[in-house]
Number of protein chains: 2
Amino acid sequence: MARFRPYSGGMAYHHGNLRAELLDAAAETIAAGGVEGLSLRDLARRVGVSHAAPAHWFGDRAGLLTAVAADGFARLADDLEAAAAPGGGLLEAGIAYVRFATADRGRFDVMFRPGLLRGDDPDLRAAQERAAAELRSAAAGVPGDAGTAGLAAWSLVHGLATLWNSGAVQDDAPVEEVARRVASVLAPPGPAPAGGDR
Amino acid sequence: MARFRPYSGGMAYHHGNLRAELLDAAAETIAAGGVEGLSLRDLARRVGVSHAAPAHWFGDRAGLLTAVAADGFARLADDLEAAAAPGGGLLEAGIAYVRFATADRGRFDVMFRPGLLRGDDPDLRAAQERAAAELRSAAAGVPGDAGTAGLAAWSLVHGLATLWNSGAVQDDAPVEEVARRVASVLAPPGPAPAGGDR
DNA sequence: GCCGCGATCTTGTCAATGGCTAGATTCCGC
DNA sequence: GCGGAATCTAGCCATTGACAAGATCGCGGC
């Protein structure tokens, strides 16, 4: 993602890192004011380029948001992978999911809004697939019907994150703690869950 | 719906039912193209009034969306109440939640986006409170810590509905069936209620 | 050394939008 | 049937996203 561009001259033209900077600024702005609060022109102003510069990199608004979402899925996949690494089970993956969604809110807000994105973008699809694979691997080994149990776990953490981000959850504790409590309802902390029914 | 117009004369001025019709058309449009696809002017065109007519009823865009959201919370509360009526337990309430969110997508899409709404609107707050009360009453009597279990149940159905609406769920079965399977992971169908299946 | 070509960014323009103000039309209480 | 208030329209402005055309720069080839 972050292309390093060896670069000598002044900053007039050829900003040097525009694409990455636009993506970061976009995520920041969305986190602060939602997707509808993101204006391409304001974004350009923020980064210090002309109002048409973003169009060169992303084509249009959908292109920009698609890149933000792809970035988000890649980061989520990284986080899930890290959470699964040593002795982390489904519970740790769930907490990582919620942590990402609440900490990297700007990107998360865009990731599940297909109406705003170019669903056929190759980068987006690849990142989505990587994140999905991490989710599947985290949910592997749960008792009962794998599909249903996995979907339930995903729904649980996704719903908690969404509700939290919307301010609907009344809890003074930090998100991770709430996530741990809530997720424990489904996935007891121990790696080998006991109570299989159905 | 709500085509009835208690008026005798022509419909030049004084449309007769503008507010309700704008709300319905707005929900419909949002369901089809998302909130960002909703233009006040297009909405006015659709209903056949001037571009400034919506402003009279709702002030601005936030006012319109607030009214849509309030309407949505009221309908959700009605549905939850109906689901709880005879022998419905937490499971039935959860299914009703998912059914509402997927069937009345236009309204649901707006209900949990505080950045788009006027959070201090009295109608909105009242409708929210009514829906919250229904949720609490549905979650009453679950085992374990009431707050955590209730939040887990809410997160589960909210997450499933959100994921479903975003197209992230790969399942050919109708939503209600998926919701029943998923929600059963948390709330086994069995305990008190007599209403077997359906 | 420098030249040309493509990549990168800018300026200019246009239709559409949200919001505001002023005015037209109709309803309703008296 | 009259006057005020509710309802809707018309006109205007700043801002936005998208597009087109041009300016500037970096890099490889000679």
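A, B, ... follow the sequence lines: proteins, then strands. Residue 1 opens every chain.
- Rounded to whole Å, atom P of D/dG17 lies 13 Å from atom CG of A/Leu22.
- Of the residues in residues 105-121 of chain A, none lies under 4.0 Å from DNA chain D by heavy-atom distance.
- Looking at residues two or more places apart in sequence or on another chain, you find no ring-ring contact (aromatic ring centres under 6.0 Å, His included) involving B/Phe100.
- Nucleotide D/dT16 holds its P atom 15 Å from the CG atom of A/Leu64, rounded to whole Å.
- Taking CZ of A/Arg181 as the reference point, atom CG of A/Leu160 lies at 10.0 Å (rounded to 0.5 Å).
- For A/Arg105, there are no side-chain hydrogen bond (donor to acceptor under 3.5 Å, both in side chains) partners two or more places apart in sequence or in a different chain.
- Rounded to an integer number of Å, the gap from B/Arg19 CZ to D/dC8 C1' is 16 Å.
- In terms of the side chain to side chain contact (heavy atoms under 4.5 Å, CB included) criterion, residue partners of A/Ala44 (sequence neighbours excluded) are, by chain and number, A/Val49, A/Pro54.
- Residues satisfying the salt bridge (charged side-chain N to carboxylate O under 4.0 Å, His left out) test with A/Glu21, not counting sequence neighbours, are none.
- For the contact set between residues 28-35 of chain B and DNA chain D, defined by any heavy atom under 4.0 Å, there are no members.
- In this structure, A/Leu65 places its CG atom 12 Å from C1' of D/dG17, rounding to the nearest Å.
- Remark: B/Phe58 pairs with no residue by the ring-ring contact (aromatic ring centres under 6.0 Å, His included) rule, at least two apart or across chains.
- Smallest separation of non-hydrogen atoms from A/Val35 and A/Arg61: O-NH2, 3.1 Å.
- Whole-Å rounding puts the B/His56 NE2 to D/dA10 P distance at 16 Å.
- Rounded to an integer number of Å, the gap from CG of A/Asn17 to P of D/dC25 is 19 Å.
- Residue pairs that meet the side-chain hydrogen bond (donor to acceptor under 3.5 Å, both in side chains) test with at least one member in residues 133-143 of chain A, sequence neighbours left out, are A/Glu129-A/Arg136.
- A search for side chain to side chain contact (heavy atoms under 4.5 Å, CB included) contacts involving B/Ala62 returns B/Asp60, B/Arg118, not counting sequence neighbours.
- For B/Arg45, the salt bridge (charged side-chain N to carboxylate O under 4.0 Å, His left out) partners are B/Asp42, not counting sequence neighbours.
- Listed by chain and residue number, A/Leu186, B/Leu156, B/Val182, B/Val185 satisfy the side chain to side chain contact (heavy atoms under 4.5 Å, CB included) test with A/Ala152 (two or more places apart in sequence, or in another chain).
- Straight-line distance from the CG atom of B/Leu18 to the C1' atom of C/dT25: 14 Å, rounded to whole Å.
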A correct 5'-to-3' footprint of nucleotides 15-22 of chain C, with B, S and - meaning base, sugar-phosphate only and no protein heavy atom under 4.0 Å, is --SBBB--

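- When the C1' atom of D/dT9 is taken as reference, atom CH2 of B/Trp57 falls 15 Å away, rounded to whole Å.
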